[in-house]
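Here is the structure we will look at.
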Amino acid sequence: MAIGASVGKGGVNELADVIVVQHLLNGWLTATRQELIPTTGICGPLTIDAIKTFQSRMLGAANPDGRIDPGGRTWQALTAGTSAPAPAPAPTPTALSGAVWWRANQAQFPNSAAITDLVPPFRDNVTAFVKALRDAGADVKVSATRRNRSRAQLMHFCFRVANGSIAPRDVPAIAGCTIQWDHGDLAKSKKGAQEMVDLFGIAFQPSLTSLHIEGRAIDMTISWTGTIKVRDKSGNARTVSTPRSGNTNKDLHAIGASYGVIKLASDPPHWSDNGH
């Protein structure tokens, strides 16, 4: 196990490196009965504080810098005992990444299309906006709200393994998920990952920082006939005509924004609390 660049305060903070460090820190935090940190790949205050706590307690640092450098003292202490693990048993076919694994396991990590699974205040804003749309006679079809974090990680890393941007052995552990990315042969590993890419229906590299994961985005298709009047958050009835699609109608986008539900123009069904 290794990192390619520095992680922490003032570090390079490459996504894969941060995830490795977060998982190692969580191993130590678990052993010392401390609160775990999110394994998002984003080096925020919680990760930096955990690094400083580790440096203070394990290295006796009076002024911990909150940074881990490849091969540095903090890295060596954090990985002590993990640099030469015992050989892993041969993976069973059901543990290997690929179509068989996907069919047997992916349903354990479902996404949601329920507005109630969004986080407040966005949940309440969406509820009010959708009610106003339906009261006006618009047809609203919700296709996605909260995205399962483990599913997002599976999608992200199968795409990267298939496309060669990460070695199978370097894929970090995914919470609650037993999967073996390394088939012992790179071509077979990439083939297994590609099978999952195809079954997930992935065209572009999935994000690990999507607002869907945080419950702050919704995908919905909105349509209507004729001209409708939709009430904005202040209760004013506003005329909405052509184009009769929530994807492109700027008058409707303005009404959504009044509720705090903001359209991302580049992604047809996507709305969020900040427009991203």
Side-chain angles (χ1 to χ4, degrees), residues 9 11-16 18-19 22 37-49 109-136 138-157 159 175 200 202-224 230-236 238 240 243-276:
K9 186 177 181 181
V12 177
N13 294 319
E14 291 286 349
L15 176 70
V18 174
I19 290 176
Q22 288 171 334
I37 59 174
T39 54
T40 60
I42 299 173
C43 187
L46 292 177
T47 299
I48 293 173
D49 287 346
F109 311 99
N111 289 330
S112 173
I115 292 175
T116 53
D117 285 335
L118 297 170
V119 297
F122 187 61
R123 177 185 62 207
D124 302 325
N125 295 340
V126 169
T127 299
F129 180 41
V130 169
K131 182 180 185 301
L133 289 167
R134 288 173 173 162
D135 286 348
D139 180 53
V140 181
K141 292 183 174 66
V142 177
S143 57
T145 55
R146 194 72 177 259
R147 187 169 297 162
N148 185 291
R149 187 177 298 277
S150 294
R151 190 180 187 87
Q153 291 175 314
L154 284 166
M155 294 174 69
H156 175 88
F157 287 112
F159 184 91
F200 275 126
I202 303 170
F204 303 99
Q205 179 171 306
S207 172
L208 288 178
T209 57
S210 168
L211 292 178
H212 279 289
I213 298 173
E214 299 177 25
R216 297 168 49 204
I218 182 171
D219 287 351
M220 56 183 172
T221 302
I222 306 165
S223 59
W224 60 94
V230 183
R231 294 192 179 276
D232 62 20
K233 189 173 183 179
S234 298
N236 300 313
R238 297 167 64 168
V240 181
R244 296 183 179 89
S245 167
N247 299 341
T248 54
N249 190 293
K250 293 184 179 180
D251 292 330
L252 192 67
H253 298 174
I255 296 171
S258 76
Y259 286 93
V261 183
I262 304 172
K263 186 73 185 70
L264 176 61
S266 62
D267 189 343
H270 187 87
W271 305 67
S272 70
D273 64 354
N274 64 5
H276 296 293

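Here the structure is a predicted model, which is why all the values come from computation and not from measurement.
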Checking [X] side chain against [Y] main chain: does a donor-acceptor pair fall under 3.5 Å?
| X | Y | answer |
| --- | --- | --- |
| T145 | I218 | no |
| N249 | P243 | yes |
| R134 | V140 | yes |
| K263 | H270 | yes |
| Q22 | T47 | no |
| K233 | G260 | no |
| H253 | A265 | no |
| S234 | N236 | no |

Test applied, side chain to side chain contact (heavy atoms under 4.5 Å, CB included); reference residue, F122; option that passes from T127, V261, I115: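 It is V261, the one option of T127, V261, I115 that forms the side chain to side chain contact (heavy atoms under 4.5 Å, CB included) with F122.
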
Over all heavy atoms of both residues, which pair between [X] and [Y] is shortest? Give the atoms and the distance, please.
| X | Y | value |
| --- | --- | --- |
| R231 | A132 | O-CB, 3.6 Å |
| I213 | L208 | CD1-O, 3.6 Å |
| A175 | S150 | O-OG, 3.1 Å |
| S258 | D232 | OG-CB, 3.4 Å |
| R146 | E214 | NE-C, 3.6 Å |
| P110 | N148 | O-CB, 3.3 Å |

Atom [atom1] of [X] and atom [atom2] of [Y]: how far apart are they, to the nearest 0.5 Å?
| X | Y | atom1 | atom2 | result |
| --- | --- | --- | --- | --- |
| D124 | L118 | CG | CG | 9.5 Å |
| M155 | F159 | CE | CZ | 10.5 Å |
| L154 | I202 | CG | CD1 | 9.5 Å |
| I255 | K250 | CD1 | NZ | 15.0 Å |

With sequence neighbours excluded, residues passing salt bridge (Lys or Arg N to Asp or Glu O under 4.0 Å) with K131: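 For K131 the salt bridge (Lys or Arg N to Asp or Glu O under 4.0 Å) partners, ignoring immediate neighbours, are D135.
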
Set of salt bridge (Lys or Arg N to Asp or Glu O under 4.0 Å) partners for D273, sequence neighbours left out: R216

Less than 4.5 Å apart, any side-chain heavy atom of [X] and any of [Y]?
| X | Y | result |
| --- | --- | --- |
| V18 | L15 | no |
| R238 | V230 | no |
| I222 | S245 | no |
| M220 | K141 | no |
| T39 | R149 | no |
| P38 | L46 | yes |

CA sep, side-chain torsions, deciding dist, call: C43, I48, side chain to side chain contact (heavy atoms under 4.5 Å, CB included): CA-CA 7 Å; C43 187; I48 293 173; 3.8 Å; yes

Which residues share a side-chain contact (heavy atoms from CB on, under 4.5 Å) with A114, sequence neighbours left out: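 S112, T116, D117.
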
Modelled atom types, side-chain donor and acceptor of H212 and D219, under 3.5 Å: yes

No-hydrogen, no-angle side-chain donor-acceptor test under 3.5 Å, N274 and S272: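 The answer is yes; a qualifying pair exists.
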
Geometric class of the W271/F129 ring pair [parallel <30°, tilted 30-60°, perpendicular >60°]: tilted

Working for side chain to side chain contact (heavy atoms under 4.5 Å, CB included), residues W224 and L252: CA-CA 11 Å; W224 60 94; L252 192 67; 3.8 Å; yes

Derivation and outcome, side chain to side chain contact (heavy atoms under 4.5 Å, CB included), residues R151 and F200: CA-CA 10 Å; R151 190 180 187 87; F200 275 126; 3.7 Å; yes

Steps toward side chain to side chain contact (heavy atoms under 4.5 Å, CB included) verdict (S210, R147): CA-CA 8 Å; S210 168; R147 187 169 297 162; 3.5 Å; yes

